[in-house]
Amino acid sequence: MNYWLMKTEPGTFSWDDLEKDFMTRGWSEWDGVRNYEARNNMCAMKQGDEVFIYHSSIKPAIVGIGRIVHEAHADSSDTSGLWQCVDVAPVKKFACPISLAVVKALPQLKSMTLVKRGRLSVQSVTHEEWKFILKLAAVTS
DNA sequence: GCCAACGTTGGC
DNA sequence: GCCAACGTTGGC
């Protein structure tokens, strides 16, 4: 099992939209990613892998956990044939989102890709980082 | 709204 | 293949 982090702008697609999709269709297509490294990361995802869902822009924070329900397939919003995406379902919303400021402030998380490479929209998370953030979420909820 | 970081494009 | 110009992302 591998761990990941996916960003979304809540004004365009938020955690609530993820839950709405889940109620109606069972998953959300994570379409619209147009960055090669982000795409390659999605192509490396396996069914059952878990992802942090991150809201960018106003109040940047990790807001919850999702799960990969379908591995990479053609992005239905793309006609070039270049872009792939995965399908995601919500698993758990954090009672208290973990803000970017907190992630940056904690030495255990300061080498996260989220901190080092702020613009990469789909990134991997180490098992250590994953466990640490889960603990943090349990404490603050 | 500003601007730094950084990915992409295109001329040479 | 280099690199300047340009566009986009995303934190602040």
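Letters A, B, ... mirror the listed sequences (proteins, then strands); counts begin at 1.
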Determine whether A:Val125 and A:Leu106 fall in the same hydrophobic cluster, where Ile, Leu, Val, Met, Phe, Trp and Tyr are linked whenever their side-chain heavy atoms lie under 4.5 Å apart. yes
Name every residue in residues 8-21 of chain A that has at least one heavy atom under 4.0 Å from any atom of DNA chain C, in order of residue number, or write none if there are no such residues. none
Cut-off 3.5 Å, side chains only: do A:Ser57 and A:Glu9 have a donor facing an acceptor? yes
Residue from A:Val102, A:Ile133, A:Leu114 passing side-chain contact (heavy atoms from CB on, under 4.5 Å) with A:Leu109: A:Ile133
Rounded to whole angstroms, how far apart are NE2 on A:His55 and C1' on C:dG11? 16 Å
Picking from C:dG11, C:dG10, B:dT8, which would you name as closest to the side chain of A:Ser121? C:dG10
DNA chain B: stems of at least 3 consecutive Watson-Crick or G-U pairs whose donor-acceptor distances fall under 3.5 Å: B:1-12 with C:1-12
Closer than 4.0 Å, any side-chain N/O of A:Lys7 to the OP1 or OP2 of C:dG10? yes
Answer yes if the side chains of A:Ser14 and A:Asp16 hold a donor-acceptor pair under 3.5 Å, and no otherwise. no
Between A:Asp87 and A:His73, does any side-chain donor sit less than 3.5 Å from a side-chain acceptor? yes
Rounded to whole Å, how long is the line connecting atom CG of A:Leu120 with atom P of C:dG11? 13 Å
Do A:Trp4 and A:Tyr54 make the cut of ring centroids closer than 6.0 angstrom? no
Write down the distance between CZ (A:Arg119) and C1' (C:dG11), rounded to a whole number of angstrom. 12 Å
Figure out the CZ/P separation between A:Arg117 and B:dG7, and round it to whole Å. 6 Å
Could you check how far CG of A:Asn40 sits from C1' of B:dG7, rounded to whole Å? 14 Å
Determine whether the side chains of A:Ser77 and A:Arg34 contain a donor N or O and an acceptor N or O closer than 3.5 Å. yes
May I have the distance from A:Tyr54 (atom OH) to C:dT9 (atom C1'), rounded to whole angstrom? 11 Å
Nearest-angstrom distance from the residue atom NZ of A:Lys104 to C1' of C:dG10: 10 Å
For this output row, return yes or no: ring centroids of A:Trp27 and A:His70 closer than 6.0 angstrom. yes
Please state how far atom CD1 in A:Ile62 lies from atom P in C:dG11, giving the value in whole angstrom units. 12 Å
Taking the basic N atoms (NZ, or NE/NH1/NH2) and the acidic carboxylate oxygens, is any pair closer than 4.0 Å for A:Lys110 and A:Glu129? no
